[in-house]
Visitor: 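Starting off with a structure, shown below.
What's counted below: heavy atoms across the whole structure, side chains too, no hydrogens, waters or symmetry copies. Read the numbers this way: they start at 1 and go in the same order the structure lists the ligands and their atoms.
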Amino acid sequence: MALIVQKFGGTSVGNTDKIKAVAQRVLSCHKQGNQMVVVLSAMSGETDRLIGLARAVQQMPDLREMDMLVSTGEQVTVSLFAMAVKEAGSDAVSLLGDQVTIQTTNMHTKARIKSIDSGRIKRHLDDGKIVVIAGFQGVTEEGDITTLGRGGSDTTAVALAAALKADACEIFTDVEGVFTTDPNICARARKIDRISYDEMLELASLGAKVLDIRSVGLAKRYKVPVHVRSTFTENEGTWVVEEDKNMESMLVSGVTYNKNEARITISKVPDQPGVAAKIFLPISDAGIVVDMIIQNTRAGSMTDLTFTVIRSDYDRAMKLLEQVAAEINAESVSGAQDIAKVSIVGVGMRNHSGIASTMFQILAREGINIMMISTSEIKVSCIIEEKYTELAIRALHEAFALDKENVPAEEQV
Ligand code: ASP
Ligand code: MG
C-alpha cells in the first residue's frame with residue numbers, strides 16, 4: 001500500500017463533469033489499495049475572475065482581504081470533489097488550509113509554508129477516506145487565511161507529500177510532461193522520462209508552464225519524487241527525481257529560452273574599487289533583479305559593464321543608471337530589449353568539457369551572433385538577438401540529438 005499525493009490543476013477541474021472524471025481517476029488508484037491525498041486548484045479562470053472582482057472594488061486591493069477572496073476558488077473545487085467521490089459510493093473529506101493545519105508566514109498573497117500538521121490527514125486516511133485538500137492556501141499563527149502566490153497549488157502538493165512522507169507526488173496537468181524543448185517551437189521535442197531536480201530548476205522556463213518552480217526546490221530539499229503527467233491520458237509523464245548515473249551519461253537534456261530579459265551596458269566605467277557596488281546598489285534597492293553580469297577590462301583605466309534585467313524593469317533600470325553613470329563619470333548607458341537567452345542544460349556537463357564550444361559552433365553555423373555568455377555547472381546560456389530564438393532552439397535540439405532517447409555522450413558532441 002502506497003501513500004500518493006495527486007494534484008490536479010485548474011483545467012483538470014474546470015467544470016463539474018471534469019471534477020467527476022478526475023474523481024473516478026483518483027478512485028481507481030484508491031481501489032488498487034493506495035491511500036490518496038488529493039490537492040486541487042480552483043476551476044480554470046476562477047482565480048483571475050476573483051482578482052478582477054477585487055480590482056473593480058478597490059484600486060489597490062487590500063492584501064489580507066485579497067487572500068480571503070481568492071482562496072474561495074479552491075474551496076469550491078474540493079467540496080464538489082468530495083461530493084463526487086461520495087456519489088460514486090466511496091468516502092472523502094475536504095479540508096481547507098486552516099483545517100489541516102497548513103501554517104504559513106503572514107506575507108499575504110505570497111506566503112511561505114512554515115509547517116504542516118499531518119495528524120488529521122492521517123486519521124482520515126486510516127479511516128479509508130480520500131482526503132481532498134485546497135491548494136494554494138494556508139493560515140497564519142493568528143488564524144488569518146493566506147495564499148502562496150499564483151500557481152501555488154503545486155507547492156501545497158509537494159509540501160504535503162514531504163510532510164506525509166508520501167511515496168510519490170503526482171502533478172496532473174494538461175500536457176504530457178516536461179519536454180526537451182518547447183514543442184510549439186520544435187516539432188521534434190521529446191517528452192523526458194526522468195530528469196533531476198537540478199536540471200528541472202535550470203529548465204525553469206520550460207518547466208514553469210507545467211510545474212511551478214518553487215515546488216521543485218521544495219521537492220529537492222525533501223527528496224520528494226514528483227511525477228508530472230497528463231490528466232487526459234494514462235501515459236507516464238516525466239519523473240523529477242534525484243540524479244542518477246543514467247542521467248549523467250547524457251550531456252544535454254534540454255534546450256530552453258527566455259524572452260523576458262533586456263540588456264544594459266554602461267560604457268567606459270572608471271576601473272576602480274567600489275564602482276560595481278555604486279552601480280548595483282540603487283538597482284537592488286529598487287527591487288530590480290539582475291541576471292547575467294559581464295565586466296571586461298579594456299586597455300587603460302576604463303571598463304565596460306553589461307548585465308541583464310527582467311524586461312518589465314528595463315525602463316526603471318535605465319533611468320536609475322543614467323543618474324549613476326553621471327555620478328561615476330561613465331561615458332554612456334545603452335541597452336536593448338529585443339534579446340533572448342538560449343540555454344542548454346544537462347547534469348552530464350559536470351564531467352565533460354567542450355559542451356560550451358559545441359554550442360558556440362552550432363550557433364555560428366546558423367550565423368547567430370552571441371552577445372553574452374554565462375555558464376553554471378550544468379548550464380550554458382547565450383544572449384542572442386530575439387528574432388533568432390526559434391532558429392537557435394531548433395539547431396541546438398537537432399545538433400545535440402535531443403529527439404532521440406539515451407544518446408551516448410560521444411554522439412552529442
Ligand atoms: N488557483 C491558483 C492560481 O490560479 C493556484 C493554482 O492554481 O495553483 O494561481
Ligand atoms: Mg499550475
Visitor: What I want to find out is whether Glu243 reaches Arg350 closely enough, with some N-O distance under 4.0 Å, to be called a salt bridge.
Guide: yes
Visitor: Under the ring pair (Phe, Tyr, Trp, His ring centres under 6.0 Å) rule, what do Phe172 and Phe232 come out as? Steps first, then yes or no, please.
Guide: CA-CA 9 Å; Phe172 286 85; Phe232 308 109; 9.7 Å; no
Visitor: Gly151 versus ligand 1: do any nitrogen or oxygen atoms come within less than 3.5 Å of each other?
Guide: yes
Visitor: Please determine if Arg150 has a nitrogen or oxygen closer than 3.5 Å to a nitrogen or oxygen of ligand 1.
Guide: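 Indeed, backbone or side chain, Arg150 has an N or O that close.
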Visitor: Can you confirm whether more than 12 heavy atoms, excluding those of Gln58, are under 6.0 Å from its CD atom?
Guide: yes
Visitor: Walk me through it: do Arg214 and Asp212 pass the test salt bridge (Lys or Arg N to Asp or Glu O under 4.0 Å)?
Guide: CA-CA 6 Å; Arg214 290 165 299 176; Asp212 186 46; 2.7 Å; yes
Visitor: Can you list the ligand 1 atoms lying under 4.0 Å from a non-hydrogen atom of Ser153?
Guide: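 Per the distance check, 5 (C), 6 (C), 7 (O), 8 (O).
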Visitor: For Gly9, is the nearest heavy atom under 4.0 Å from an atom of ligand 1?
Guide: no
Visitor: What atoms of ligand 1 come closer than 4.0 angstrom to any heavy atom of Ser41?
Guide: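 That gives atoms 6 (C), 7 (O), 8 (O) of ligand 1.
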Visitor: Measuring from the heavy atoms of Glu74, does anything fall under 4.0 Å of ligand 1?
Guide: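 Yes, that is the case, since the closest heavy atom of the residue is under 4.0 Å from the ligand.
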Visitor: If you draw a 6.0 Å radius around CZ in Arg311, do more than 12 non-hydrogen atoms from other residues or ligands fall strictly inside?
Guide: yes
Visitor: Would Asp154 and Lys7 pass as an ion pair if we require N to O under 4.0 Å?
Guide: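 A salt bridge is present here (some side-chain N lies under 4.0 Å from a carboxylate O).
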Visitor: Would you say ligand 1 has an N or O under 3.5 Å from any N or O of Thr47?
Guide: yes
